[in-house]
Protein chains: 2
Amino acid sequence: MLTSQRKALILDILRRDGQVIAKRVAEDFELSEDTIRRDLREMAGEGLLKRVHGGALPIAPDLPDFTARRDVASGVKARLGAKAAQMVKAGQMVFLDGGTTTAEVARHLPRDIAFTVATHSPTIAAELEHHPSAEVILCGGKLYKHSMVATGAVAMASISALRPDTFFLGVTAAHPVHGFSTGDFEEAAIKRHISRCSAETHVLLTAEKFDLVSPCPVLAINEVAGLIVPAEMPAERLQPYADLNVAIAAA
Amino acid sequence: MLTSQRKALILDILRRDGQVIAKRVAEDFELSEDTIRRDLREMAGEGLLKRVHGGALPIAPDLPDFTARRDVASGVKARLGAKAAQMVKAGQMVFLDGGTTTAEVARHLPRDIAFTVATHSPTIAAELEHHPSAEVILCGGKLYKHSMVATGAVAMASISALRPDTFFLGVTAAHPVHGFSTGDFEEAAIKRHISRCSAETHVLLTAEKFDLVSPCPVLAINEVAGLIVPAEMPAERLQPYADLNVAIAAA
DNA sequence: GACAATCAAGAAATATCATGCATTTTCAGG
DNA sequence: CCTGAAAATGCATGATATTTCTTGATTGTC
């Protein structure tokens, strides 16, 4: 492989993953780590990346990486995720729904206590690869690729075997009368089942989901224990939900 | 061959591969590297290409997507993965083991035919999110984070429900006498179980895994249908395996 | 503080390079 | 057909680039 090409590839990896790990790149390219380290050193000299111990990072450390870029409202979702993650206590089992919002919960889970995370989403499970203390239970089934969650009879059965303390639910719409709803019938059934197996359910809701109805109902508003909503939501829009006897946490 | 003809061919190669390697072109044309280098120097002077150490690149490095460029880089694992992926036929069910090598299989799966992929690795499942035609079956269980695969009784049970046509197995070591082995006891049991449920098993092996033994045996060499190995493996190192009546495919 | 991973710097090995020159091929003009 | 010039090619050589290896320092982790 040509040297200049290799450097371009390293930049690709940096853009894609938001990081470069010298050792891994050396293995991938079948070259010594010295060579990769020299490349990183030179590119750091040219201001193309920032050298750190073990590899390199983008110059502006929090340039939105690939996953975050897909996610327009990432700031809000990250705040909701962090708020939800705070609710997890040592020894508990939490069930994480699929979706970009609950992925933020996974990213913000506390790293100093031990607990169990169950999920039917391989994406969520992959997020937890590097979590130091979380035990992960993966629920299998036929993968519904649009939302990347396991579905079908197998998924239902494997969820039935669990009794999570908390279920963090993601939906596409919430409405005071029509409750929570989502776009896929099968998925709605799974979400409902997880909720029924769990001691309590909390729903993460970004602002644009309020007062909407999607085709497939999941649960009524008062069937869940709480909502987690952005702090900037005006109180009067939340009032119809608060009237239904559901706790509302602002993040 | 005429000089001008040769230069045109070099430009073709550049367009086709996105790169020209002087040494390789010299071999292909059965000419000295000096001649090719002279050509490249002249063409660079005419602005037809960009000269770099070892060969040449297009003037405006147009950016094909990352996967395409990684193919240029084509590590050994990618080649093994592509070879394995070729073996998948329409309508089949294949089971993909966890690991970086089998992840390459997932990346190279054909996109023009329909088939089913089963896996107990959320990482592999995540790789297939954007595959247009693959049906994905996710096997759940307790996640063993070191290799990111589901393990335990639940995983065993959900695997038992499948009868894959082909199992692409990844291991850490292969030895003519001691067979295939890996580092974790639980994982070894799961691998063995998947293999026993599958019609045939193929093992992807990079060069450094040969003639080694890891703590936990998985299968004997002759219990699998075939090995997929790098083309540059010398025949004499493969002979002890070939003697055990196992097919060997070079990639 | 011990240990392993990672690092930088320089030496050594290898690969690639440009140059000059000899040889061969091509070809126009005799 | 012959000849000499021009072009093309291969080889030798010393220079440069690249990679790996070695060594000892630094950093991160437990």
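All heavy atoms count here, side chains included; hydrogens, waters and symmetry mates do not. Just so it is clear: chains get the letters A, B, ... in the order the sequence lines come, proteins before strands, and each one is counted from 1.
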Exercise for review: Specify the separation, in whole Å, of atom CG of A/Leu31 and atom P of C/dA15.
Suggested key: 14 Å
Exercise for review: Taking the six-membered ring for Trp and the full ring for Phe, Tyr or His, determine whether the centres of B/His175 and B/Phe210 are under 6.0 Å apart.
Suggested key: no
Review point. Choosing from C/dC17, C/dC7, D/dT9, which nucleotide comes nearest the side chain of B/Ala22?
Key: C/dC17
Practice item. Please check if the side chain of B/Ser181 supplies one atom and the backbone of B/Ser214 the other of a donor-acceptor pair under 3.5 Å. Key: yes
Point to revise | Nearest-angstrom distance from the residue atom CZ of A/Arg6 to C1' of D/dT18 | key: 8 Å
Revision key, fill the gap. dist B/His202:NE2 -> B/Phe167:CZ (nearest 0.5 Å) comes out at 11.5 Å
Check your understanding: Closer than 4.0 Å, any side-chain N/O of B/Ser32 to the OP1 or OP2 of D/dT9?
Key -> no
Check your understanding: B/His53 has an atom NE2; how far is it from atom C1' of C/dA15, in whole Å?
Key -> 6 Å
Review point. For the pair made of CD1 in A/Ile36 and C1' in D/dC21, what is the distance, rounded to whole Å?
Key: 16 Å
Point to revise | Any side-chain donor near an acceptor of the partner, A/Glu129 and B/Thr123, under 3.5 Å | key: no
Review point. When the C1' atoms of the five terminal pairs at each end define the local axes, what inter-axis angle does the helix from C/dG1-D/dC30 to C/dG30-D/dC1 show, to 10 degrees?
Key: 30°
Review point. Side-chain N or O of A/Thr3 less than 4.0 angstrom from OP1 or OP2 on D/dT19?
Key: yes
Check your understanding: Think B/Arg37 has a side-chain N or O under 4.0 angstrom from the OP1 or OP2 of C/dT16?
Key -> no
**Study point:** Under-4.0 Å side-chain N/O to phosphate OP1/OP2 contact, A/Arg51 with C/dC7
**Key:** yes
Practice item. Quickly work out the B/Gln5 CD to C/dT26 P distance and round it to whole Å. Key: 14 Å
Using the 3.5 Å cut-off, write out each protein N or O paired with an N or O of nucleotides 9-14 of chain C and the distance between them.
none

Practice item. May I have the distance from B/Asp39 (atom CG) to D/dG10 (atom C1'), rounded to whole angstrom? Key: 13 Å
